[in-house]
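Just below is one structure, and these are the notes that go with it.
We name chains A, B, ... by the order of the sequence lines, and we start the count at 1 in each one.
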There are 2 protein chains.
Amino acid sequence: MKVTLEEIIQSIYPLPQQVLEDVLEHFQHLEYPKNYFLLKPGKPCKYLWFMIEGAVRYFYTNEQGKEINTWFSLDTQIITDTTSFVHQEPAQESIQLIENCELCAIEYSALQTLLQKHHSFALWYIKLVEMHYISQIEDRLADLQFLDAKQRYQKLLNHYPDITNRISLGNIASYLNITQETLSRIRAGKI
Amino acid sequence: MKVTLEEIIQSIYPLPQQVLEDVLEHFQHLEYPKNYFLLKPGKPCKYLWFMIEGAVRYFYTNEQGKEINTWFSLDTQIITDTTSFVHQEPAQESIQLIENCELCAIEYSALQTLLQKHHSFALWYIKLVEMHYISQIEDRLADLQFLDAKQRYQKLLNHYPDITNRISLGNIASYLNITQETLSRIRAGKI
DNA sequence: ATTATTTTTTGATATACATCAAATCACTTT
DNA sequence: AAAGTGATTTGATGTATATCAAAAAATAAT
(Lines give C-alpha, C1' and ligand atoms only; values in the text may rest on other atoms or scores of the structure.)
Protein backbone atom coordinates (compact mmCIF):
# COMPACT_ATOMS: atom_id res chain seq x y z
CA MET A 1 0.00 0.00 0.00
CA LYS A 2 1.26 3.40 -0.98
CA VAL A 3 1.59 5.95 1.81
CA THR A 4 -0.68 9.02 1.70
CA LEU A 5 0.33 12.65 2.25
CA GLU A 6 -1.93 12.77 5.29
CA GLU A 7 -0.13 9.81 6.84
CA ILE A 8 3.26 11.41 6.22
CA ILE A 9 2.14 14.68 7.80
CA GLN A 10 0.54 13.09 10.84
CA SER A 11 3.55 10.85 11.46
CA ILE A 12 5.79 13.91 11.85
CA TYR A 13 3.66 15.73 14.42
CA PRO A 14 -0.11 15.20 14.73
CA LEU A 15 -2.20 18.24 13.81
CA PRO A 16 -5.75 19.11 14.92
CA GLN A 17 -8.27 18.10 12.26
CA GLN A 18 -9.13 21.59 11.05
CA VAL A 19 -5.46 22.60 10.80
CA LEU A 20 -4.70 19.40 8.90
CA GLU A 21 -7.45 20.19 6.42
CA ASP A 22 -6.13 23.70 5.86
CA VAL A 23 -2.63 22.33 5.35
CA LEU A 24 -3.70 19.59 2.93
CA GLU A 25 -5.48 22.18 0.79
CA HIS A 26 -2.19 23.98 0.21
CA PHE A 27 -0.44 20.93 -1.25
CA GLN A 28 -0.46 19.97 -4.92
CA HIS A 29 -0.23 16.40 -6.13
CA LEU A 30 2.23 15.96 -9.02
CA GLU A 31 3.69 13.34 -11.31
CA TYR A 32 6.84 13.81 -13.39
CA PRO A 33 8.85 11.51 -15.65
CA LYS A 34 12.38 10.23 -15.07
CA ASN A 35 15.10 12.85 -15.77
CA TYR A 36 12.77 15.82 -15.04
CA PHE A 37 14.44 18.65 -13.10
CA LEU A 38 12.67 19.83 -9.94
CA LEU A 39 15.35 22.50 -9.46
CA LYS A 40 18.10 24.05 -11.54
CA PRO A 41 20.97 26.26 -10.31
CA GLY A 42 20.25 30.00 -10.28
CA LYS A 43 16.54 29.61 -9.45
CA PRO A 44 15.29 29.90 -5.88
CA CYS A 45 13.86 26.61 -4.65
CA LYS A 46 10.18 27.45 -4.51
CA TYR A 47 8.83 24.19 -3.12
CA LEU A 48 9.09 21.66 -0.39
CA TRP A 49 8.22 18.25 -1.87
CA PHE A 50 7.20 15.00 -0.25
CA MET A 51 8.03 11.92 -2.24
CA ILE A 52 5.19 9.42 -2.48
CA GLU A 53 7.03 7.08 -4.83
CA GLY A 54 10.19 7.37 -6.92
CA ALA A 55 13.79 8.55 -6.58
CA VAL A 56 15.70 11.80 -7.07
CA ARG A 57 19.32 12.89 -6.93
CA TYR A 58 20.80 16.22 -5.83
CA PHE A 59 23.97 17.34 -7.57
CA TYR A 60 26.40 20.21 -8.08
CA THR A 61 28.30 20.85 -11.28
CA ASN A 62 31.90 21.78 -10.52
CA GLU A 63 34.21 24.14 -12.44
CA GLN A 64 35.34 21.30 -14.69
CA GLY A 65 31.71 20.60 -15.56
CA LYS A 66 31.64 17.35 -13.61
CA GLU A 67 28.39 16.49 -11.83
CA ILE A 68 28.83 15.61 -8.18
CA ASN A 69 25.88 14.00 -6.40
CA THR A 70 25.29 15.18 -2.87
CA TRP A 71 22.16 13.32 -1.92
CA PHE A 72 19.48 10.80 -2.92
CA SER A 73 15.87 10.76 -1.77
CA LEU A 74 14.09 7.48 -2.33
CA ASP A 75 10.37 7.09 -1.55
CA THR A 76 8.64 8.82 1.38
CA GLN A 77 11.33 11.42 2.08
CA ILE A 78 11.22 15.18 1.97
CA ILE A 79 12.90 16.91 -0.93
CA THR A 80 14.14 20.48 -1.04
CA ASP A 81 17.31 22.53 -1.29
CA THR A 82 17.05 23.77 2.27
CA THR A 83 19.53 26.62 1.99
CA SER A 84 17.87 28.00 -1.13
CA PHE A 85 14.37 27.30 0.18
CA VAL A 86 14.68 28.89 3.62
CA HIS A 87 16.40 32.03 2.34
CA GLN A 88 14.57 32.05 -1.02
CA GLU A 89 17.88 32.70 -2.75
CA PRO A 90 19.24 31.18 -6.00
CA ALA A 91 20.07 27.51 -5.69
CA GLN A 92 23.58 26.27 -6.39
CA GLU A 93 22.55 22.69 -6.99
CA SER A 94 20.20 20.71 -9.19
CA ILE A 95 17.51 18.24 -8.19
CA GLN A 96 16.67 15.69 -10.88
CA LEU A 97 14.38 12.68 -10.96
CA ILE A 98 16.13 9.37 -11.55
CA GLU A 99 12.83 7.45 -11.68
CA ASN A 100 9.28 8.44 -12.61
CA CYS A 101 7.99 10.13 -9.46
CA GLU A 102 4.78 10.84 -7.62
CA LEU A 103 5.14 13.89 -5.38
CA CYS A 104 3.23 16.31 -3.17
CA ALA A 105 4.45 19.90 -3.03
CA ILE A 106 3.86 23.02 -0.99
CA GLU A 107 5.02 26.49 -2.05
CA TYR A 108 7.29 28.60 0.14
CA SER A 109 4.73 31.39 0.47
CA ALA A 110 1.94 28.95 1.40
CA LEU A 111 4.20 27.41 4.02
CA GLN A 112 4.94 30.86 5.51
CA THR A 113 1.24 31.71 5.62
CA LEU A 114 0.43 28.46 7.41
CA LEU A 115 3.30 28.93 9.88
CA GLN A 116 1.95 32.35 10.83
CA LYS A 117 -1.63 31.15 10.94
CA HIS A 118 -1.35 27.95 12.99
CA HIS A 119 0.79 27.58 16.06
CA SER A 120 0.51 23.79 15.78
CA PHE A 121 1.75 23.90 12.21
CA ALA A 122 4.84 25.81 13.35
CA LEU A 123 5.48 23.04 15.89
CA TRP A 124 4.99 20.51 13.09
CA TYR A 125 7.54 22.27 10.91
CA ILE A 126 10.06 22.34 13.77
CA LYS A 127 9.75 18.56 14.05
CA LEU A 128 10.12 18.19 10.29
CA VAL A 129 13.32 20.19 10.22
CA GLU A 130 14.75 18.59 13.36
CA MET A 131 13.91 15.02 12.44
CA HIS A 132 14.35 14.91 8.72
CA TYR A 133 16.74 17.58 7.79
CA ILE A 134 19.24 18.01 10.57
CA SER A 135 19.60 14.30 11.27
CA GLN A 136 20.20 13.54 7.62
CA ILE A 137 22.90 16.14 7.07
CA GLU A 138 24.67 15.40 10.33
CA ASP A 139 24.77 11.69 9.49
CA ARG A 140 26.21 12.46 6.12
CA LEU A 141 28.80 14.79 7.59
CA ALA A 142 29.90 12.14 10.08
CA ASP A 143 30.14 9.58 7.27
CA LEU A 144 32.35 11.81 5.16
CA GLN A 145 34.55 12.62 8.10
CA PHE A 146 35.03 9.21 9.66
CA LEU A 147 34.45 6.50 7.10
CA ASP A 148 36.53 5.46 4.12
CA ALA A 149 35.08 4.72 0.69
CA LYS A 150 34.34 1.05 1.42
CA GLN A 151 32.61 1.75 4.72
CA ARG A 152 30.49 4.51 3.19
CA TYR A 153 29.39 2.14 0.43
CA GLN A 154 28.48 -0.61 2.87
CA LYS A 155 26.46 1.83 4.96
CA LEU A 156 24.59 3.01 1.88
CA LEU A 157 23.84 -0.62 0.98
CA ASN A 158 22.50 -1.32 4.47
CA HIS A 159 20.28 1.73 4.29
CA TYR A 160 18.98 1.04 0.77
CA PRO A 161 19.49 -2.65 -0.03
CA ASP A 162 17.92 -2.25 -3.48
CA ILE A 163 19.93 0.85 -4.42
CA THR A 164 22.08 -0.94 -6.99
CA ASN A 165 18.96 -1.74 -9.01
CA ARG A 166 17.67 1.81 -8.86
CA ILE A 167 20.74 4.00 -9.16
CA SER A 168 23.66 3.62 -11.56
CA LEU A 169 27.19 2.94 -10.36
CA GLY A 170 28.36 6.32 -11.62
CA ASN A 171 25.67 8.13 -9.61
CA ILE A 172 26.45 6.19 -6.46
CA ALA A 173 30.21 6.72 -6.84
CA SER A 174 29.66 10.44 -7.23
CA TYR A 175 27.63 10.48 -4.01
CA LEU A 176 30.30 8.55 -2.15
CA ASN A 177 32.85 11.06 -3.35
CA ILE A 178 34.94 8.44 -5.11
CA THR A 179 35.38 7.65 -8.80
CA GLN A 180 33.31 4.98 -10.45
CA GLU A 181 36.46 2.97 -11.07
CA THR A 182 37.10 2.82 -7.33
CA LEU A 183 33.50 1.81 -6.63
CA SER A 184 33.72 -0.89 -9.25
CA ARG A 185 36.83 -2.25 -7.54
CA ILE A 186 35.10 -2.16 -4.14
CA ARG A 187 32.18 -4.14 -5.54
CA ALA A 188 34.55 -6.69 -7.03
CA GLY A 189 36.13 -7.07 -3.58
CA LYS A 190 39.50 -5.87 -4.81
CA ILE A 191 39.68 -3.18 -2.15
CA MET B 1 31.00 46.50 23.37
CA LYS B 2 29.94 43.01 24.24
CA VAL B 3 26.70 41.77 22.70
CA THR B 4 23.77 41.01 25.03
CA LEU B 5 21.52 37.96 25.02
CA GLU B 6 18.57 40.19 24.23
CA GLU B 7 20.32 41.55 21.14
CA ILE B 8 21.17 38.05 19.93
CA ILE B 9 17.58 36.89 20.39
CA GLN B 10 16.02 39.91 18.72
CA SER B 11 18.40 39.72 15.77
CA ILE B 12 17.18 36.21 14.94
CA TYR B 13 13.45 37.03 14.89
CA PRO B 14 11.96 39.94 16.86
CA LEU B 15 9.62 38.88 19.67
CA PRO B 16 6.80 40.88 21.29
CA GLN B 17 7.98 42.47 24.55
CA GLN B 18 6.11 40.21 26.93
CA VAL B 19 7.21 37.06 25.12
CA LEU B 20 10.80 38.29 25.16
CA GLU B 21 10.61 38.83 28.90
CA ASP B 22 9.25 35.33 29.47
CA VAL B 23 12.01 33.90 27.27
CA LEU B 24 14.82 35.83 28.98
CA GLU B 25 13.66 34.56 32.36
CA HIS B 26 14.31 30.99 31.24
CA PHE B 27 17.96 31.61 30.38
CA GLN B 28 20.85 31.28 32.81
CA HIS B 29 24.01 33.32 32.57
CA LEU B 30 27.15 31.23 33.02
CA GLU B 31 30.93 31.51 33.07
CA TYR B 32 33.29 28.56 32.79
CA PRO B 33 37.09 28.25 32.57
CA LYS B 34 39.12 27.02 29.62
CA ASN B 35 39.06 23.21 29.17
CA TYR B 36 35.66 22.82 30.90
CA PHE B 37 33.34 20.28 29.24
CA LEU B 38 29.84 21.45 28.33
CA LEU B 39 28.99 17.97 27.06
CA LYS B 40 30.49 14.51 27.32
CA PRO B 41 29.55 11.42 25.27
CA GLY B 42 26.79 9.25 26.71
CA LYS B 43 24.89 12.15 28.29
CA PRO B 44 21.93 13.78 26.53
CA CYS B 45 22.68 17.37 25.57
CA LYS B 46 20.43 19.20 28.01
CA TYR B 47 21.11 22.77 26.91
CA LEU B 48 21.17 25.15 24.03
CA TRP B 49 23.91 27.71 24.70
CA PHE B 50 24.57 31.13 23.26
CA MET B 51 28.17 32.21 23.33
CA ILE B 52 28.69 35.76 24.56
CA GLU B 53 32.47 35.57 24.50
CA GLY B 54 34.97 32.73 24.14
CA ALA B 55 35.58 29.65 22.03
CA VAL B 56 34.62 25.96 22.11
CA ARG B 57 35.44 22.89 20.08
CA TYR B 58 33.25 19.88 19.27
CA PHE B 59 35.01 16.54 18.92
CA TYR B 60 34.53 12.81 18.58
CA THR B 61 36.92 10.23 19.94
CA ASN B 62 37.45 7.45 17.41
CA GLU B 63 38.12 3.74 18.06
CA GLN B 64 41.84 4.39 18.22
CA GLY B 65 41.25 7.01 20.90
CA LYS B 66 42.12 9.90 18.61
CA GLU B 67 40.14 13.10 19.08
CA ILE B 68 38.65 14.46 15.87
CA ASN B 69 37.30 18.00 15.94
CA THR B 70 34.08 18.50 14.05
CA TRP B 71 33.31 22.13 14.77
CA PHE B 72 34.39 25.37 16.44
CA SER B 73 32.10 28.07 17.81
CA LEU B 74 33.79 31.40 18.41
CA ASP B 75 31.92 34.29 20.03
CA THR B 76 28.22 34.98 19.42
CA GLN B 77 27.28 31.62 17.96
CA ILE B 78 24.86 28.99 19.18
CA ILE B 79 26.27 25.89 20.75
CA THR B 80 24.57 22.51 21.06
CA ASP B 81 24.80 18.95 19.84
CA THR B 82 21.68 19.23 17.74
CA THR B 83 21.08 15.53 17.20
CA SER B 84 21.39 14.77 20.89
CA PHE B 85 19.49 17.90 21.91
CA VAL B 86 16.45 17.53 19.65
CA HIS B 87 15.97 13.83 20.39
CA GLN B 88 17.24 14.07 23.99
CA GLU B 89 19.35 10.99 23.40
CA PRO B 90 22.94 10.26 24.52
CA ALA B 91 25.50 12.41 22.75
CA GLN B 92 28.28 10.82 20.76
CA GLU B 93 30.53 13.85 20.85
CA SER B 94 32.14 16.17 23.38
CA ILE B 95 31.94 19.94 23.60
CA GLN B 96 34.88 21.54 25.39
CA LEU B 97 35.87 25.14 26.05
CA ILE B 98 39.15 26.17 24.48
CA GLU B 99 39.02 29.64 26.06
CA ASN B 100 37.40 31.00 29.21
CA CYS B 101 33.77 31.51 28.18
CA GLU B 102 30.76 33.59 29.00
CA LEU B 103 27.55 31.84 27.98
CA CYS B 104 23.78 31.96 28.21
CA ALA B 105 21.89 28.68 28.35
CA ILE B 106 18.35 27.41 28.10
CA GLU B 107 17.25 23.91 29.12
CA TYR B 108 15.55 21.56 26.69
CA SER B 109 12.40 21.34 28.81
CA ALA B 110 12.19 25.13 29.18
CA LEU B 111 12.55 25.50 25.43
CA GLN B 112 9.73 23.00 24.83
CA THR B 113 7.48 24.82 27.29
CA LEU B 114 8.13 28.15 25.58
CA LEU B 115 7.55 26.64 22.12
CA GLN B 116 4.14 25.35 23.23
CA LYS B 117 3.28 28.57 25.03
CA HIS B 118 4.21 31.23 22.47
CA HIS B 119 3.47 30.95 18.77
CA SER B 120 5.98 33.75 18.10
CA PHE B 121 8.69 31.87 19.98
CA ALA B 122 8.09 28.83 17.76
CA LEU B 123 8.61 31.09 14.73
CA TRP B 124 11.76 32.43 16.37
CA TYR B 125 13.10 28.91 16.88
CA ILE B 126 12.38 28.03 13.24
CA LYS B 127 14.53 30.98 12.16
CA LEU B 128 17.27 29.96 14.58
CA VAL B 129 17.41 26.43 13.21
CA GLU B 130 17.14 27.52 9.58
CA MET B 131 19.68 30.32 9.77
CA HIS B 132 22.24 29.07 12.21
CA TYR B 133 22.13 25.37 12.16
CA ILE B 134 21.24 24.23 8.68
CA SER B 135 23.39 26.79 6.91
CA GLN B 136 26.41 25.93 9.02
CA ILE B 137 26.24 22.19 8.49
CA GLU B 138 25.51 22.48 4.80
CA ASP B 139 28.49 24.77 4.31
CA ARG B 140 30.71 22.36 6.12
CA LEU B 141 29.40 19.43 4.09
CA ALA B 142 30.08 21.26 0.84
CA ASP B 143 33.60 22.11 2.03
CA LEU B 144 34.41 18.52 2.85
CA GLN B 145 33.02 17.32 -0.42
CA PHE B 146 34.49 19.84 -2.83
CA LEU B 147 37.59 21.41 -1.36
CA ASP B 148 41.03 19.95 -0.74
CA ALA B 149 43.00 20.47 2.46
CA LYS B 150 44.61 23.72 1.36
CA GLN B 151 41.36 25.29 0.16
CA ARG B 152 39.58 24.32 3.39
CA TYR B 153 42.35 25.94 5.41
CA GLN B 154 42.21 29.15 3.40
CA LYS B 155 38.46 29.33 3.79
CA LEU B 156 38.76 28.87 7.54
CA LEU B 157 41.34 31.68 7.66
CA ASN B 158 39.03 34.00 5.71
CA HIS B 159 36.19 33.26 8.07
CA TYR B 160 38.24 33.60 11.26
CA PRO B 161 41.35 35.68 10.50
CA ASP B 162 42.53 35.45 14.11
CA ILE B 163 41.99 31.70 14.46
CA THR B 164 45.69 30.86 14.52
CA ASN B 165 46.08 32.92 17.69
CA ARG B 166 43.12 31.29 19.39
CA ILE B 167 43.25 27.66 18.34
CA SER B 168 46.26 25.39 18.20
CA LEU B 169 47.53 23.89 14.96
CA GLY B 170 46.62 20.39 16.12
CA ASN B 171 43.02 21.40 16.80
CA ILE B 172 42.68 23.14 13.45
CA ALA B 173 44.23 20.21 11.58
CA SER B 174 41.81 17.82 13.23
CA TYR B 175 38.88 20.01 12.15
CA LEU B 176 40.17 20.14 8.58
CA ASN B 177 40.39 16.36 8.60
CA ILE B 178 44.11 16.36 7.90
CA THR B 179 47.11 15.64 10.13
CA GLN B 180 48.95 18.43 11.85
CA GLU B 181 52.04 17.63 9.79
CA THR B 182 50.08 18.31 6.61
CA LEU B 183 48.72 21.58 8.02
CA SER B 184 52.21 22.62 9.03
CA ARG B 185 53.40 22.00 5.46
CA ILE B 186 50.47 23.98 4.06
CA ARG B 187 51.34 26.92 6.33
CA ALA B 188 54.95 26.75 5.22
CA GLY B 189 53.76 26.92 1.61
CA LYS B 190 55.21 23.51 0.80
CA ILE B 191 51.88 22.22 -0.48
C1' DA C 1 19.61 -10.16 -34.60
C1' DT C 2 22.90 -6.39 -35.39
C1' DT C 3 24.62 -2.18 -34.40
C1' DA C 4 25.15 1.65 -31.53
C1' DT C 5 25.42 3.59 -27.03
C1' DT C 6 25.95 3.58 -22.35
C1' DT C 7 27.63 1.42 -18.20
C1' DT C 8 30.93 -1.22 -15.82
C1' DT C 9 35.39 -3.36 -15.30
C1' DT C 10 40.40 -3.78 -15.60
C1' DG C 11 45.27 -2.21 -15.77
C1' DA C 12 49.15 1.11 -15.29
C1' DT C 13 50.65 5.14 -13.34
C1' DA C 14 50.32 9.48 -10.57
C1' DT C 15 49.16 12.23 -6.56
C1' DA C 16 47.55 13.88 -2.13
C1' DC C 17 47.90 12.98 2.18
C1' DA C 18 48.96 9.70 6.21
C1' DT C 19 52.21 7.66 9.24
C1' DC C 20 56.27 7.26 11.86
C1' DA C 21 60.42 9.16 13.71
C1' DA C 22 63.12 12.80 14.94
C1' DA C 23 64.44 17.57 15.29
C1' DT C 24 63.40 22.27 16.39
C1' DC C 25 60.90 25.94 18.49
C1' DA C 26 58.31 28.24 22.20
C1' DC C 27 56.55 28.55 26.48
C1' DT C 28 56.51 27.48 31.65
C1' DT C 29 58.44 26.45 35.87
C1' DT C 30 62.10 26.25 38.86
C1' DA D 1 69.41 31.21 32.80
C1' DA D 2 68.46 26.08 32.76
C1' DA D 3 65.44 22.43 32.43
C1' DG D 4 61.26 20.59 31.22
C1' DT D 5 57.08 20.22 28.56
C1' DG D 6 54.12 20.82 24.86
C1' DA D 7 53.61 22.64 20.04
C1' DT D 8 55.36 22.83 15.52
C1' DT D 9 58.29 21.57 11.70
C1' DT D 10 60.99 18.49 8.74
C1' DG D 11 62.19 14.18 6.36
C1' DA D 12 61.44 9.41 4.60
C1' DT D 13 58.26 6.22 3.36
C1' DG D 14 53.60 4.06 2.72
C1' DT D 15 48.74 3.87 1.26
C1' DA D 16 44.24 5.05 -0.56
C1' DT D 17 42.28 6.73 -4.21
C1' DA D 18 42.55 9.58 -8.63
C1' DT D 19 43.49 9.74 -13.45
C1' DC D 20 44.02 8.12 -18.02
C1' DA D 21 43.32 4.60 -21.40
C1' DA D 22 41.15 0.76 -23.04
C1' DA D 23 38.42 -3.55 -22.81
C1' DA D 24 34.25 -5.91 -21.63
C1' DA D 25 29.50 -6.13 -20.51
C1' DA D 26 24.86 -4.50 -20.50
C1' DT D 27 21.18 -1.86 -22.50
C1' DA D 28 18.79 0.47 -26.10
C1' DA D 29 17.90 1.51 -31.04
C1' DT D 30 17.54 0.08 -35.71
Hey, does the Lys NZ or Arg CZ of B:K150 hover above the aromatic six-ring of B:Y153, less than 6.0 Å from the centre and inside 45° of the axis? no

Considering only side-chain heavy atoms of B:A188, which listed nucleotide, D:dA18, D:dT10, C:dT9, is closest? D:dT10

Look at the side chain of B:E181 against the base of C:dC20 and say whether a donor-acceptor pair falls under 3.5 Å; ignore hydrogens and angles. yes

Selection from C:dT9, C:dC17, D:dA18 that lies nearest to any side-chain heavy atom of A:I178: D:dA18

For D:dA18, does either OP1 or OP2 sit under 4.0 Å from a side-chain N or O belonging to A:T182? yes

Does CD in A:E107 sit with more than 12 non-hydrogen atoms of other residues, nucleotides or ligands closer than 6.0 Å? yes

Would you indicate, yes or no, if D:dT17 has its OP1 or OP2 atom less than 4.0 angstrom from a side-chain nitrogen or oxygen of A:T179? no

Measure CG/B:N177 against P/D:dA16 and give the value in whole Å, please. 16 Å

hbond_proxy B:R185 side chain to C:dT19 base (donor-acceptor, 3.5 Å cutoff): yes

Rounding to an integer number of Å, can you tell me how far B:Q180 CD sits from C:dA18 C1'? 12 Å

Identify which nucleotide among D:dT17, C:dC17, C:dT19 has an atom closest to any side-chain atom of A:A149, counting heavy atoms from C-beta outward. D:dT17

Whole-Å distance, B:N171 CG to D:dA7 P, equals 9 Å

Rounded to whole Å, how long is the line connecting atom CG of A:L176 with atom P of D:dT17? 11 Å

Heavy-atom nearest nucleotide on DNA chain D for A:R152 versus B:S184: which residue maps closer to 5'? B:S184

Take B:Y47 and B:L38, measure what side chain to side chain contact (heavy atoms under 4.5 Å, CB included) needs, and give me the verdict at the end. CA-CA 9 Å; B:Y47 294 94; B:L38 292 179; over 6 Å; no

OH of B:Y153 versus P of C:dA16: gap in Å, rounded? 19 Å

Nearest-angstrom distance from the residue atom CG of B:D148 to P of C:dA18: 11 Å

Rounded to whole Å, please give me the gap between CG in A:N165 and C1' in C:dT8. 15 Å

Group every Ile, Leu, Val, Met, Phe, Trp and Tyr by side-chain heavy-atom contacts under 4.5 Å, then state whether B:L74 and B:L176 land in the same group. yes

Which whole-number value in Å describes the distance from B:K150 NZ to C:dT15 C1'? 15 Å

Salt bridge between B:D148 and B:R152, side-chain N to carboxylate O under 4.0 Å? no

